[in-house]
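These notes are about the structure you will find just below.
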Amino acid sequence: MQSRSSAPRAGRTGRPRSAEADEAILAATRAALVELGWSGLTLGDVATRAGVAKTTLYRRWAGKNELVVDAVAVLFDELELPDRGSLAADVEGVVLQFAGLLERPETKTALMAVVAESTSDAVLRDRIRSSIVDRQKRLVTEGRARAQARGELPTESDPETAARGSDLIFDVIAGAVVHRCLVSSKPVDTDWARDFTRLLLSGLTAISPA
């Protein structure tokens, strides 16, 4: 799946952005985080690692917070909803895929760094929500639509109810997997994914409209 880089900032003029340069900068950001941590990371160091001029980086990102969130966001954009023939199998597949992503050092370090920093930075929290959380809710929307087409879940007639349900499903899945991987430091294996999916689906039945 093609990575999504940060959208160009409004009012910018000049040469078109280079996707290759963007990818190099975001990869360098993740590498620097793993090696140096949040406090040690500087935009100048990232530019050197990426082999670009500092002005190239500054034209794209206003500061470190913005840059690191985008570096994390493109990793999460790699997630795809597998089509395994049933809702339960699809959920198990995406849970295992998500856990695998969180096991990668660059994902773990970058995500924990921005979440920690966001506790005292409302603007950063908003950027995490729009660039990571809201973008990945597509997986829930796709999964519910597919399950409804199979007849596994009823179709919601009220868009607001459907949106609240999708938000809740996303929060449950993301919260459980992140806690298991990054807080408890326990494996998300096939057995855990199956047990979690069974619990989730019993809850889905409870919140689905009659």
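Note that the structure is a prediction, hence the values are computed from the model and not measured.
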Salt-bridge test for D195 and R198: reply yes if a basic N is under 4.0 Å from a carboxylate O, no otherwise. yes

Only counting residues at least two apart or in another chain, list the ones meeting ring-ring contact (aromatic ring centres under 6.0 Å, His included) with F170. none

Keeping the roles fixed (side chain from R144, backbone from A162), state whether a donor-acceptor pair exists under 3.5 Å. yes

Check the pair Q97, L101 against side-chain contact (heavy atoms from CB on, under 4.5 Å), reporting the backbone distance first and the verdict last. CA-CA 6 Å; Q97 188 184 154; L101 179 63; over 6 Å; no

Do E80 and L139 have side-chain heavy atoms sitting under 4.5 Å apart? no

Do you know the tightest heavy-atom contact between A21 and R60? CB-NH2, 4.1 Å

Rounded to the nearest 0.5 angstrom, the OG1-CG distance for T109 and L41 is 11.5 Å

What are the two closest non-hydrogen atoms of A110 and V72, and how far apart are they? CB-CG2, 3.2 Å

With sequence neighbours left out, write down each residue that passes side-chain contact (heavy atoms from CB on, under 4.5 Å) with V172, or none if nothing qualifies. L168, F196, L200

On a heavy-atom basis, which atom in C181 and which in A99 lie closest, and how many Å separate them? SG-CB, 3.9 Å

Any side-chain heavy atom of S166 sitting closer than 4.5 Å to one from K137? no

Can a donor-acceptor pair be found, under 3.5 Å and without considering hydrogens, that links the side chain of R180 to the backbone of S185? no

Please confirm whether the backbone N or O of V115 pairs with a side-chain atom of S118, one donor and one acceptor, at under 3.5 Å? yes

Yes or no on side-chain contact (heavy atoms from CB on, under 4.5 Å) for V188 and F98, after CA distance, side-chain angles and deciding distance? CA-CA 9 Å; V188 173; F98 182 30; over 6 Å; no

Do R127 side-chain atoms and V123 backbone N/O form a donor-acceptor pair below 3.5 Å? no

Rounded distance (nearest 0.5 Å) linking atom CG of N65 with atom CG of D70: 11.0 Å

My understanding is that only residues two or more places apart in sequence, or in another chain, count here; which of them pass ring-ring contact (aromatic ring centres under 6.0 Å, His included) with W38? none

Here the salt bridge (Lys or Arg N to Asp or Glu O under 4.0 Å) pairs for residues 25-35, sequence neighbours left out, are E35-R49

From CG (D45) to OG1 (T29), nearest 0.5 Å: 9.5 Å

To the nearest 0.5 Å, atom CD of E117 lies from atom OG of S39 at 9.5 Å

When rounded to the nearest 0.5 Å, the distance separating OG1 of T197 from CD1 of I173 is 7.5 Å

Which atom pair, heavy atoms only, marks the closest approach of A50 to A24? CB-O, 3.7 Å

Using every non-hydrogen atom in the two residues, find where D134 and S130 come nearest and quote the distance to one decimal. OD2-CA, 3.8 Å

To the closest 0.5 Å, what do you measure between CG (L87) and CD (Q148)? 10.0 Å

Do the side chains of K108 and L102 get nearer than 4.5 Å, heavy atoms only? no

Can L26 and W61 be said to form a side-chain contact (heavy atoms from CB on, under 4.5 Å), step by step? CA-CA 11 Å; L26 295 176; W61 290 275; 3.7 Å; yes

I25 side chain near L67 side chain, heavy-atom distance below 4.5 Å: yes

Quick one: side-chain contact (heavy atoms from CB on, under 4.5 Å) partners of S184, sequence neighbours excluded? H179, K186

Give a yes or no on whether V34 and L182 share a hydrophobic cluster (residues Ile, Leu, Val, Met, Phe, Trp, Tyr; joining criterion: side-chain heavy atoms under 4.5 Å apart). no

Determine whether V46 and L36 fall in the same hydrophobic cluster, where Ile, Leu, Val, Met, Phe, Trp and Tyr are linked whenever their side-chain heavy atoms lie under 4.5 Å apart. no

With side chains defined as the heavy atoms from C-beta onward, is the minimum distance between L57 and K54 less than 4.5 Å? no

Could you go step by step and tell me if D167 and R164 meet the salt bridge (charged side-chain N to carboxylate O under 4.0 Å, His left out) rule? CA-CA 5 Å; D167 284 350; R164 285 198 302 271; over 6 Å; no

Pairs involving residues 84-105, ordered by first then second residue, that meet salt bridge (Lys or Arg N to Asp or Glu O under 4.0 Å) (sequence neighbours left out): E78-R104, D90-R146, D90-R150, R104-E106

